[in-house]
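Encoded as structure tokens, the structure appears first; notes follow it.
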Amino acid sequence: MSEQAVTAQSEDFSRWYNEIVYRADLAAPSPVRGCVIIKPYGYEVWEGIKAGLDRRIKETGHQNAYFPLFIPESYIKREAEHVEGFSPELAVVTHAGGKALDEPLVVRPTSETVIGEAFSDWIQSYRDLPLLINQWANVVRWELRTRPFLRTAEFLWQEGHTAHATHDEAEEETLQMLDVYADCAVNDAAIPVIKGEKSRMERFAGAMRTYTIEAMMRDKRALQCGTSHNLGQNFAKAFDIRYLTEANTQEFCWTTSWGLTTRMVGAVVMTHGDDKGLRLPPKLAPYQVVIVPIYRRDAQRNAVLETVDRLREALTESGMRVHVDRREGQSPGFKFNDWEMRGVPLRMEVGPRDVENNKAVLARRDVMGRAGKQFVSQDGIIKAAQDLLADIQRSLLDDAREFRDAHIQNASSYAELREIVAAGDWARAYWAGSDEDEAAVKDETGATIRCFPFEQPNDRGQCVKSSQLAQKIALFAKAY
RNA sequence: CGGGGCGUGGCGCAGCCCGGUAGCGCGCACGGUUUGGGUCCGUGAGGUCCCCGGUUCGAAUCCGGGCGCCCCGACCA
């Protein structure tokens, strides 16, 4: 026994999460509190998310640009709610080049302010609109409690910033980008998400409306996976982003911003992982197929490795990401466990018997034991592997959706809501309460309003807290 | 910032109460053995015992001060 098994999810989910992150080689601790080193294996997962998202961002007409890491402190203070929201968690540079700076520089926590300032220069006329910009960057928020990927002092993300002539256009953009996020989550990460609008309390600092995609992790806690904000004219007014209309009048623009972060890597871990370790969706897996050669003696070794190389080449040529585990010191059993922990969707075993019979074993990560194992002819191996990968991608999504739906319940009274939340589930309930009511729910139950889902019943009901007539159902859950 | 815990080879820990040659497991290197579900044996490399000061013939251990980290809460993508 050379490696301990990981802590079971049911025993201690946080501990399980941390162990997986480090042992699957996604990340490593950093010398700076609250930061992590993203290791190649974890970074490749992020690159997969990034590639799919970047493609969609471009397909919807946006262009990438890059704005500076440092923001003059005065910029942050221009939009009242924005300052209030972000000042507690800013990192500020006060010295550079050996002397105190005239004006301190904030390390960006987000870029609405610098980009807003630039937009005010770039936009003169209605002909300059809409302006559709995205940037891939790192940002810093000095959070008090951090966890790898989920909340780190520095994180990587994409932040989109757009300016429009009308409210409706800005709203349409905001919702479009939320759809893009949902599409990435569902179709690439195999994470089912609920689209909805944030409550006033949970809204982005300075936004008119914030939309979100919310996902359920394996411990049933909610994770906000991406947000899209309609900023109204708040930032346009603070940064003087105006345009001349066709009728030659000055109008303020309507702006939006939207972001998705490396938190998504954590979401993948916590949505699909099991007691054996990670389960990566094939679309994001750095290695989709890992080949484990099995042999006893040198004579067998050559024959096996020859077959392995041939199969690897064939799979790679047909577009699959393949890794051959050539480590000499480890037994096949060790390797099986190792790759299961690292979440590789499909394992191929090639041993002397397979060489002889022109076969190979394919074992899927999402179905453990014999049930997930099959002997396949080498002649049809490409199709078999492709079909299995597609099926694994689908089944991870289905599993996650089934799990989630089994843990969302309707609450028709506050007592019911408390009970549901206490059991760890999510509660759907009519809501027309005030900010104070919302704060009280958080206080009394630990749950927050994750969103008002877009999907609503065609009905009205009584608010579980204020007893007022409510137009909408809200989703309550304990969140990360 | 409030409450709790911990700093000892890369990782996880023991030793500390009761001062006396710094230990164990894993990992790592080398040799052999094994290989279709976490092989086994041998040899070896690797340590400012968080830092500063004090007590003492002698401090990982006792005393004083500092620093750092982790967990729980408030803040948050």
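Rounding to whole angstrom units, CH2 of residue A/W339 and P of B/G36 are separated by 18 Å. Between A/R326 atom CZ and B/U35 atom C1' there is a gap of 17 Å when expressed in whole angstrom units. Following rounding to the nearest Å, A/H82 (NE2) and B/A77 (P) show an atom-to-atom distance of 12 Å. Counting to the nearest Å, the C1' atom of B/A74 and the CD atom of A/E444 are 17 Å from each other. When the P atom of B/C11 is taken as reference, atom CD of A/E19 falls 16 Å away, rounded to whole Å. In this entry the distance linking CG of A/L53 with P of B/A77 reads 18 Å, nearest Å. In this structure, the CZ atom of A/F334 is 12 Å from the P atom of B/C40, given to the nearest Å.
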Short N/O separations, protein against nucleotides 66-73 of chain B, under 3.5 angstrom:
| unit_1 | atom_1 | unit_2 | atom_2 | d |
| --- | --- | --- | --- | --- |
| B/C72 | OP2 | A/R145 | NH1 | 3.3 |
| B/C72 | OP2 | A/R145 | NH2 | 2.0 |

(message) Assess the residue pair A/T212 and A/E214 against the criterion (side-chain hydrogen bond (donor to acceptor under 3.5 Å, both in side chains)); give the C-alpha distance rounded to whole Å, side-chain angles, the decisive distance to 0.1 Å, and a yes or no.
(response) CA-CA 6 Å; A/T212 177; A/E214 298 283 330; 2.8 Å; yes
(request) Tell me, with the steps shown, if A/E159 and A/S257 meet side-chain hydrogen bond (donor to acceptor under 3.5 Å, both in side chains). (result) CA-CA 7 Å; A/E159 52 177 326; A/S257 70; over 6 Å; no
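The A/E143 side chain lies nearest to B/C75 when the options are B/C28, B/C75, B/G37. Set against B/G36, B/A77, B/G37, the side chain of A/P332 has B/G36 as its closest nucleotide.
The environment of CZ in A/R327 is crowded: more than 12 heavy-atom neighbours from other residues, nucleotides or ligands sit within 6.0 Å. By the neighbour-count criterion of 12 heavy atoms within 6.0 Å, atom CZ of A/R200 is sparsely surrounded, having that number or fewer from other residues, nucleotides or ligands. Around the CD atom of A/E172, the shell of radius 6.0 Å holds no more than 12 heavy atoms that belong to other residues, nucleotides or ligands. Counting non-hydrogen atoms of other residues, nucleotides and ligands closer than 6.0 Å to CD of A/Q63 gives a total of 12 or fewer. Around the CD atom of A/E455, the shell of radius 6.0 Å holds no more than 12 heavy atoms that belong to other residues, nucleotides or ligands.
Each salt bridge (charged side-chain N to carboxylate O under 4.0 Å, His left out) pair with one or both residues in residues 11-22 of chain A, not counting sequence neighbours, appears once here: A/R15-A/E19. Pairs passing the ring pair (Phe, Tyr, Trp, His ring centres under 6.0 Å) check and including a residue from residues 350-377 of chain A, sequence neighbours excluded, do not occur.
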Contacts under 3.5 angstrom, residues 77-88 of chain A side chains, donor-acceptor by atom type, not counting sequence neighbours:
| unit_1 | atom_1 | unit_2 | atom_2 | d |
| --- | --- | --- | --- | --- |
| A/R78 | NH1 | A/E117 | OE1 | 3.4 |
| A/E79 | OE1 | A/E81 | N | 3.1 |
| A/E79 | OE1 | A/H82 | N | 2.9 |
| A/H82 | ND1 | A/A205 | O | 3.2 |
| A/S87 | OG | A/V83 | O | 2.7 |

What pairs of donor and acceptor atoms, side-chain ones from residues 39-49 of chain A against any protein atom, are under 3.5 angstrom apart with sequence neighbours left out?
| unit_1 | atom_1 | unit_2 | atom_2 | d |
| --- | --- | --- | --- | --- |
| A/K39 | NZ | A/D25 | OD1 | 2.8 |
| A/Y41 | OH | A/R342 | O | 2.7 |

Under 3.5 Å, which donor-acceptor pairs link side chains of residues 282-292 of chain A to any protein atom two or more places apart or in another chain?
| unit_1 | atom_1 | unit_2 | atom_2 | d |
| --- | --- | --- | --- | --- |
| A/K283 | NZ | A/N187 | O | 3.2 |
| A/Q288 | OE1 | A/R321 | N | 2.9 |
| A/Q288 | NE2 | A/P282 | O | 3.0 |

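Contact annotation for A/L150: base contact, defined as any heavy-atom pair under 4.0 Å involving a base atom. Looking at heavy-atom distances under 4.0 Å, A/Q224 makes contact with sugar-phosphate atoms alone, never a base. Using a 4.0 Å heavy-atom criterion, one finds that A/K442 contacts the sugar-phosphate atoms exclusively. When heavy atoms are screened at a 4.0 angstrom cut-off, A/T261 is found touching base atoms of the nucleic acid. Residue A/G351 is classed as a base contact, given a heavy-atom separation below 4.0 Å to a base.
Under the rule for a side-chain contact (heavy atoms from CB on, under 4.5 Å), the partners of A/K220 that lie at least two apart in sequence or sit in another chain are A/M216, A/F403, A/H407, A/D425. Taking the side-chain contact (heavy atoms from CB on, under 4.5 Å) definition, one finds that A/L175 meets it with A/E171, A/Y211, A/F454, sequence neighbours left out.
Between B/U35 and B/C41, the two P atoms lie 16 Å apart (nearest whole Å). Between B/G36 and B/C30, the distance separating the two C1' atoms is 28 Å to the nearest Å. Spacing of C1' atoms, B/U61 relative to B/G54, comes out at 15 Å, to the nearest Å. Rounded to whole Å, the separation between the P atoms of B/A45 and B/G25 comes to 16 Å. Nucleotides B/A59 and B/A22 have their C1' atoms positioned 13 Å apart, rounded to a whole Å. Comparing B/G46 with B/C62, their C1' atoms are spaced 30 Å from each other, to the whole Å. With C1' as the reference atom, B/G68 and B/C49 are 16 Å apart, rounded to whole Å. Comparing the P positions of B/G4 and B/C50 gives an interatomic distance of 23 Å, to the nearest angstrom.
Between the side chains of A/S199 and A/E438, at least one donor-acceptor pair of N or O atoms lies under 3.5 Å. A/H62 and A/E173 share a side-chain donor-acceptor pair at under 3.5 Å.
Of the residues in residues 289-308 of chain A, those lying under 4.0 Å from RNA chain B by heavy-atom distance are A/I294, A/Y295, A/R296. Annotation: proximity of residues 352-382 of chain A to RNA chain B (heavy atom, distance under 4.0 Å) is found for A/P352, A/R353, A/D354, A/V361, A/K373, numbered in ascending order. Near RNA chain B, meaning a heavy atom under 4.0 Å away, there are no residues from residues 199-209 of chain A. Taking a 4.0 Å limit (strictly below) on heavy-atom distances, residues 171-190 of chain A does not reach RNA chain B anywhere.
Along RNA chain B, the nucleotide nearest to A/N337 and the one nearest to A/A153 differ in position, and the one closer to the 5' end is contacted by A/N337. Nearest-nucleotide positions on RNA chain B place A/K335 closer to the 5' end than the other of A/W142 and A/K335.
A/F13 and A/W16 have tilted rings, their planes meeting at an angle from 30° to 60° on a 0 to 90° scale. Below 30°, between 30° and 60°, or above 60°: for A/F476 and A/W431 the angle between ring planes is above 60°, a perpendicular geometry.
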